[in-house]
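Numbering starts at 1 and runs along the sequence shown. Computed from a predicted model, the values in this text were never measured in an experiment.
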Amino acid sequence: MLSDLLQALPAALLIGVLPGWFWTRCLLASGDHAERLAYTIALSVTLVPAVALVQTYLFTTGVTLAVTVASVALVFLAGLTAYLLLGPAKGPEEPVSNSPSPPGLLTLIPLTVALALALGMLSGIAPGEWMMIPIAILVVAAGVVYLWTQRDKPSPEDRPVLPVATRYALLSVVLLLVLARGYLGPIMNGWPFPRGVDRYEHAVMAGMMMRDGSNESFMLYPPGFHLLTAMLSRLSGFAPLEVFPILAPTLPLLCALACYALAKRLWGPEYGVAAALTAGLLLGGTYLHFEEARYPNFIGEYFLIVLAIAALIWMYASPSARGGLLLALLGSSTVLYHQIAGYSLAVLLGFVSILILPYLLLRDRRKGIYLLLSLALLGFLSVLYAWDTYDLASLVAGMLGGSETGRGGEAVAMAIGTKPANGPGHFLTTLSHPVLWLGLLGLSLLIAGQKRGETDTPARLTMLVWTLLLFFGSLTSYSGFPDRFE
């Protein structure tokens with residue numbers, strides 16, 4: 001077991017970490033090592049599969065060892081060249097939003113009662129799912145009281161600041177616990193520990209990538225994850241089905257790192273540690289996706305989208321060409337990994353283009369133009385990634401001329417409105433009760449946040465719209481995959 005991990009880990013580091021290192025230094029202004037690591041992995045899994053995909057098209061070959069080595073080398077050397085020519089990215093690192101004001105006594109009373117009931121329910125003293133109703137009502141009441149008491153209260157000038165060493169120590173403990181959550185199953189149940197039916201389909205498509213450079217004849221699916229798996233297989237020597245139980249337990253770690261980076265940009269690194277803890281250990285969906293082998297969707301929705309939104313929020317505060325390129329690369333890469341990831345981010349960016357972009361163009365033309373150009377590049381790259389996978393030429397021609405819409409149109413017709421929502425019980429299982437309670441209170445904290453310049457309101461509005469999009473998408477079959485929106 002340990003020998004398998006030691007054999008596969010160098011391949012994962014060479015493909016998933018090393019190539020993006022200099023790209024991160026060049027595009028992201030940050031002195032935070034954990035944030036850099038998150039973006040380094042994201043840029044690696046964005047650029048390396050894309051370069052491999054170009055090679056398979058140009059040379060009509062599968063993902064060979066030569067293609068793998070060339071892809072890693074090209075991305076790494078291009079990043080190094082850009083770093084040497086342009087230097088490291090520079091810019092402010094202050095959080096976009098002020099820290100929420102501490103709740104007063106009137107807020108803490110119903111919140112304390114709610115947490116006492118929750119403790120009783122979780123410990124079995126007060127059994128029954130019906131306890132969720134009074135707990136939720138009390139948490140919402142606490143949030144309403146908080147909003148009412150914060151109406152004219154100034155925001156605290158100082159946010160809580162932990163010593164750097166203490167913060168890294170706490171984050172390290174959180175990340176180790178997240179890794180333990182993923183690996184304890186394989187360790188306790190033998191290696192490999194099979195998880196999820198989807199792993200067989202992904203193994204087949206990864207094998208097709210190794211052999212033919214395409215999974216088109218198997219099913220309509222973006223190629224990013226299977227390109228990545230094929231390269232890991234080539235370097236490590238393990239077959240795709242053997243790679244999954246060895247490296248898949250690291251996926252929840254990506255979610256924790258991404259949420260750390262997002263919260264760090266919004267409110268500061270101390271909040272990032274809390275976000276990593278919540279997303280990595282309390283949120284049920286992260287483990288559920290890993291358990292059911294939804295690996296491409298996991299990378300797209302729990303990792304790449306989160307970092308893309310963090311980059312978007314930072315564009316509100318400190319727009320630049322490098323920040324715009326970072327947003328475009330990460331946002332478009334969701335199309336390379338999963339349909340729902342690309343679809344949900346496209347809807348969110350549509351709202352951003354309608355609600356926030358015109359505001360920025362009117363109030364601060366420089367910010368608005370940078371954001372507009374970044375979104376245009378993101379859209380262009382997304383179309384390139386989706387062109388062959390979804391047969392966009394036939395889809396557009398069919399929509400305009402009434403002819404056949406091709407594979408892409410057939411896939412949309414098969415998905416939209418055909419899969420019913422699972423209902424509140426399944427929703428709560430996916431989200432987990434503690435996250436629901438914290439989220440209900442968090443919405444009040446988000447809405448009540450005191451304004452910090454002109455970038456604060458767009459950032460909080462983006463977070464709110466994203467939350468509502470996922471919630472309502474989980475309640476309707478017209479989102480295509482309501483269980484994924486959960």
Side-chain angles (χ1 to χ4, degrees), residues 9-10 12-48 72 75-96 161-176 178-179 250-277 279-280 299 302-315 317-318 320-331 333:
L9 193 57
L13 294 176
L14 283 173
I15 294 173
V17 179
L18 180 65
W21 175 253
F22 286 108
W23 283 103
T24 301
R25 295 298 306 275
C26 188
L27 300 180
L28 178 72
S30 175
D32 188 287
H33 298 300
E35 185 180 28
R36 281 186 192 171
L37 177 60
Y39 281 95
T40 296
I41 297 172
L43 287 170
S44 295
V45 302
T46 292
L47 297 173
V48 174
V72 171
V75 174
F76 176 79
L77 292 175
L80 175 60
T81 302
Y83 180 76
L84 293 176
L85 291 176
L86 303 175
K90 299 177 182 179
E93 290 192 52
E94 286 296 312
V96 172
V161 177
L162 290 174
V164 175
T166 303
R167 187 208 329 146
Y168 281 133
L170 289 174
L171 181 61
S172 299
V173 170
V174 169
L175 298 182
L176 286 174
V178 174
L179 279 177
T250 63
L251 291 179
L253 186 69
L254 300 185
C255 176
L257 282 171
C259 288
Y260 171 85
L262 174 60
K264 185 254 180 187
R265 287 287 170 174
L266 274 168
W267 298 293
E270 294 75 21
Y271 293 89
V273 175
L277 174 68
I299 295 174
Y302 283 85
F303 185 54
L304 293 174
I305 281 184
V306 178
L307 289 177
I309 292 174
L312 171 64
I313 286 173
W314 196 241
M315 280 290 289
S318 182
S320 65
R322 300 191 194 194
L325 179 59
L326 180 64
L327 170 59
L329 289 174
L330 295 181
S333 67

Residue list, ring pair (Phe, Tyr, Trp, His ring centres under 6.0 Å) with Y83, at least two apart or on another chain: F22
Those residues that, when tested against S44, pass side chain to side chain donor-acceptor pair (under 3.5 Å) (two or more places apart): none
With V48 via side-chain contact (heavy atoms from CB on, under 4.5 Å) - residues at least two apart: I15, P19, S71, V72, V75, M231
Check: S172 side chain, Y168 main-chain N or O, donor-acceptor pair, under 3.5 Å: yes
With a 3.5 Å cut-off and sequence neighbours excluded, list the donor-acceptor pairs that the side chains of residues 250-257 form with protein atoms.
residue : atom : partner : partner atom : Å
T250    : OG1  : L247    : O            : 2.6

Of all pairs that satisfy salt bridge (Lys or Arg N to Asp or Glu O under 4.0 Å), the ones with a partner from residues 15-32, not counting sequence neighbours: D32-R167
Minimum side-chain heavy-atom gap Y271-L266 below 4.5 Å: no
side-chain contact (heavy atoms from CB on, under 4.5 Å) against L77, all qualifying residues, sequence neighbours excluded: none
Which residues share a ring pair (Phe, Tyr, Trp, His ring centres under 6.0 Å) with Y39, sequence neighbours left out: none
Partner residues of S30 under the side chain to side chain donor-acceptor pair (under 3.5 Å) criterion, sequence neighbours left out: E35
Results of side-chain contact (heavy atoms from CB on, under 4.5 Å) for L13 - residues two or more places apart only: L9, V17
Contacts of type side-chain contact (heavy atoms from CB on, under 4.5 Å), residue A82, not counting sequence neighbours: C26
Heavy-atom side-chain proximity of T24 to L37 below 4.5 angstrom: no
Min side-chain heavy-atom separation L170-L277 under 4.5 Å: no
Test item: Y260 side-chain N/O and A38 main-chain N/O as donor-acceptor pair under 3.5 Å: no
